[in-house]
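Input: a single structure, listed below in structure tokens.
Lettering follows sequence order; numbering is per chain, from 1.
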Amino acid sequence: MTVVTRFAPSPTGLLHVGGVRTALFSWLYARRMKGKFVLRVEDTDRERSTDEAVRVILEGMQWLGLDADEGPYYQTRRFDRYREVIAGMLAAGTAYHCYCTKQELDALREGQLARKEKPRYTGLCRSRTEPRPGVPPVVRFRNPTDGAVVVEDLVHGPVSFQNAELDDLIIARSDGTPTYNFCVVVDDMDMGITHVIRGDDHLNNAPRQMNMLRALGSTPPVYAHVPMILGPDGAKLSKRHGAVSVLQYEEEGFLPDALLNYLVRLGWSHGDQEVFTRDEMIAAFDIHDVNKAASAFNNEKLLWLNQQHMMRAPPARVVPYLQAQLRRIGIDSNDQTLLEGVILAQRERAKTLKEMAQSSRFLFVDSIEVDPQAAAKHLNPEGLGRLGQVRERLAALSEWTAPAINAALNELATQLAVGLGKIAQPLRVAVAGVAVSPPIDVTLGLLGRERTLLRLDSALARKTA
RNA sequence: GCUCCCUUCGUCUAGAGGCCUAGGACAUAGCCCUCUCAAGGCUGUAACACGGGUUCGAAUCCCGUAGGGAGCGCCA
């Protein structure tokens, strides 16, 4: 049997890391099992759904490389199908019209709550045969009244629910539109979903959905309810606590593989391995190894993983992402050799590509600003004195390579009987404008002789100024 | 209130009755390396929610308690 999983986000809020991880688990499982992954947008709530949210889902999934084999499907385009199924259930008696008004239902609920009972529909209209004039009816599912439903959950194990605890839920509103729990059931059935992997906030919905599926003569899929992701403070993920659009991570300079790697390790592990390539994730992932407990999002570890991925990936693969970040700060470079060189030089001192772009800016622009504090410390008379000699040496170099530069600087240091630092720091501030950069020979190599000498000249001009 | 779920270092996790003096990772502290900053290496601090059982033996099994979460909508 071919495995078919799906990701079914609702576009009522922006897709965030919690949703992404559910999508990732579904995608990984499908890929691992050589099955299919379906994307379905659950937009039946027309009031709260937004085009912006749909855009973030589509763009986010694309940025992350979580490619769907089918879809995106939209529930709003399937209303005819839902109506058809409801008509069938009405005819078969597995659903019935309910003429209770909202007001009556509210009163019922209040009474139950007041008596400290579980609020539930009592089945008043179950055996009603005549319509109630003037009341547009809703359609309710006729849930079995006795026995139990067991959800054989892949992460929780068997979870048993008494049918007596489940009431007859509304599957079509009085205006005829279908409700969420019903649409999910029809869609999962029609789309041949074999494994439903979703947040464990849906565990309570599973027994009702299984009952409906059975009433429709369909075999329920296998369920896997994965734990939720909490904010860094251990509280529920919310707007205030990191529930930002997934595209925010792109803007901040994260590699999609790093985010995915971080998220897959929230609730899942494979021995002591922390860093996974996409293929390694697919090869190692198994839904059975997913934990039951919710986990808190930790930004420091994400940062660390992002750097690990920047360091391990072939530079050429990182180039487009660096270019995107450079463009954000007004630099448009297509110099592949330079860009790869920058990545090689900077990746062990940057946590994000945004950071890398910023600290590499001096390598791409014509003129730089020198940080006053760094200048005060290193471009003092003593430092500037040495820079004159540095300039001579560098100008005389026959080839402009890091090893040649390094040799020349070390020679000069020995000759002056000082540590390399006494030469490298003034030089660094002169060419980079700050006291921090990759190794000085690498930095100069990337900068090029012409710009190096130019910047030395403008630094040396301070002497007289 | 009722139903369902969850509980190992600050955080993510390993752990399927003896391999646990509870392992790894992030973070954190110290040291090493060093032209700056990093990266890297080494070392340290730090956890089985609590109480009963079962067993020769329990982080692991059972029962409670506490704490947290979800659901109980003509929301998804």
Is there a side-chain polar atom (N or O) of [X] under 4.0 Å from OP1 or OP2 of [N]?
X        : N     : answer
A:Lys236 : B:A70 : yes
A:Gln308 : B:G40 : yes
A:Ser295 : B:C12 : no
A:Lys292 : B:C6  : yes
A:Ser269 : B:A14 : yes
A:Lys377 : B:U36 : no
A:Arg347 : B:A39 : no
A:His156 : B:C6  : yes
A:Asn291 : B:C6  : no

Watson-Crick or G-U counterpart of [N], or none if no pair lies under 3.5 Å:
N     : answer
B:U36 : none
B:A49 : B:U65
B:U28 : B:G44
B:C20 : none
B:C9  : none
B:G57 : none

* Asked: Taking only residues two or more places apart in sequence or in another chain, which ones pass side-chain hydrogen bond (donor to acceptor under 3.5 Å, both in side chains) with A:Lys422?
  ->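 side-chain hydrogen bond (donor to acceptor under 3.5 Å, both in side chains) check on A:Lys422 returns nothing, list empty.
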Distance between [atom1] atoms of [N] and [M] (Å, rounded):
N     : M     : atom1 : answer
B:A49 : B:A58 : P     : 16 Å
B:C9  : B:U55 : C1'   : 29 Å
B:G69 : B:U11 : P     : 15 Å
B:G44 : B:C26 : P     : 15 Å
B:C63 : B:A70 : C1'   : 24 Å

Between [N] ([atom2]) and [X] ([atom1]): distance, integer Å:
X        : N     : atom1 : atom2 : result
A:Gln162 : B:G71 : CD    : C1'   : 17 Å
A:Leu305 : B:A39 : CG    : P     : 14 Å
A:Arg198 : B:C4  : CZ    : P     : 18 Å
A:Arg349 : B:U34 : CZ    : C1'   : 11 Å
A:Asn181 : B:G71 : CG    : P     : 12 Å
A:Glu300 : B:C26 : CD    : P     : 12 Å
A:His309 : B:C26 : NE2   : P     : 13 Å
A:Gln75  : B:A76 : CD    : P     : 9 Å

Nearest to side-chain heavy atoms of [X], which nucleotide of [options]:
X        : options             : value
A:Ile440 : B:G73, B:C35, B:C26 : B:C35
A:Val436 : B:G73, B:C35, B:U36 : B:U36
A:Val159 : B:C4, B:C12, B:A27  : B:C4
A:Arg265 : B:C6, B:C35, B:G24  : B:G24
A:Asp441 : B:C35, B:A70, B:G24 : B:C35
A:Lys301 : B:C4, B:G24, B:G40  : B:G24
A:Gln425 : B:C2, B:C35, B:A76  : B:C35
A:Phe161 : B:C4, B:C35, B:A39  : B:C4
A:Asp201 : B:C35, B:A70, B:C4  : B:A70

* Asked: Any side-chain heavy atom of A:Asn211 within less than 4.5 Å of one from A:Pro144?
  ->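 A:Asn211 reaches A:Pro144 side chain to side chain.
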Students often get this wrong, so: under 4.0 angstrom with heavy atoms, is [X] touching a base, only sugar-phosphate, or nothing?
X        : result
A:Val138 : base
A:Thr177 : nothing
A:Ala296 : sugar-phosphate
A:His225 : nothing
A:Asn205 : base
A:Pro438 : base
A:Thr44  : sugar-phosphate

* Given A:Arg208, which of A:Asn181, A:Asn143, A:Asp167 fulfils the side chain to side chain donor-acceptor pair (under 3.5 Å) condition? -> A:Asp167
* Asked: Between the side-chain atoms of A:Ser174 and the base atoms of B:C74, is any donor-acceptor pair under 3.5 Å?
  -> yes
* **Distance-only donor-acceptor test, A:Arg428 side-chain atoms vs B:C35 base atoms, 3.5 Å** => yes
* To do: Please work out which of the three classes, parallel, tilted or perpendicular, describes the rings of A:Trp268 and A:His270, given edges at 30° and 60°.
  =>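 A:His270 and A:Trp268: parallel rings.
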* Whether A:Tyr249 and A:Phe297 hold their rings parallel, tilted or perpendicular, with breakpoints at 30° and 60° ->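 Plane angle between 30° and 60°, so tilted.
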* **Under-4.0 Å salt bridge between A:Arg40 and A:Asp187** =>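 Here A:Arg40 pairs with A:Asp187 in a salt bridge, since their nearest N and O are under 4.0 Å apart.
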* Asked: RNA chain B: A:Thr179 or A:Leu266, which has the more 5' nearest nucleotide?
  -> A:Leu266
* Structure fact -> Taking for A:Glu274 and for A:Ile170 the nucleotide of RNA chain B with the nearest heavy atom, the one nearer the 5' end belongs to A:Glu274
* **Check: A:Arg265 main-chain N/O paired with A:Ser269 side-chain donor or acceptor under 3.5 Å** => no
* Can you list the steps and then say if A:Arg428 with A:His378 is a side-chain hydrogen bond (donor to acceptor under 3.5 Å, both in side chains)? -> CA-CA 9 Å; A:Arg428 175 170 278 120; A:His378 299 290; over 6 Å; no
* To do: List the steps and the verdict of side-chain hydrogen bond (donor to acceptor under 3.5 Å, both in side chains) for A:Tyr96 and A:Asp168.
  => CA-CA 10 Å; A:Tyr96 61 93; A:Asp168 294 346; 2.6 Å; yes
* Asked: Would you say A:Arg361 has more than 12 foreign heavy atoms packed within less than 6.0 Å of its CZ?
  -> no
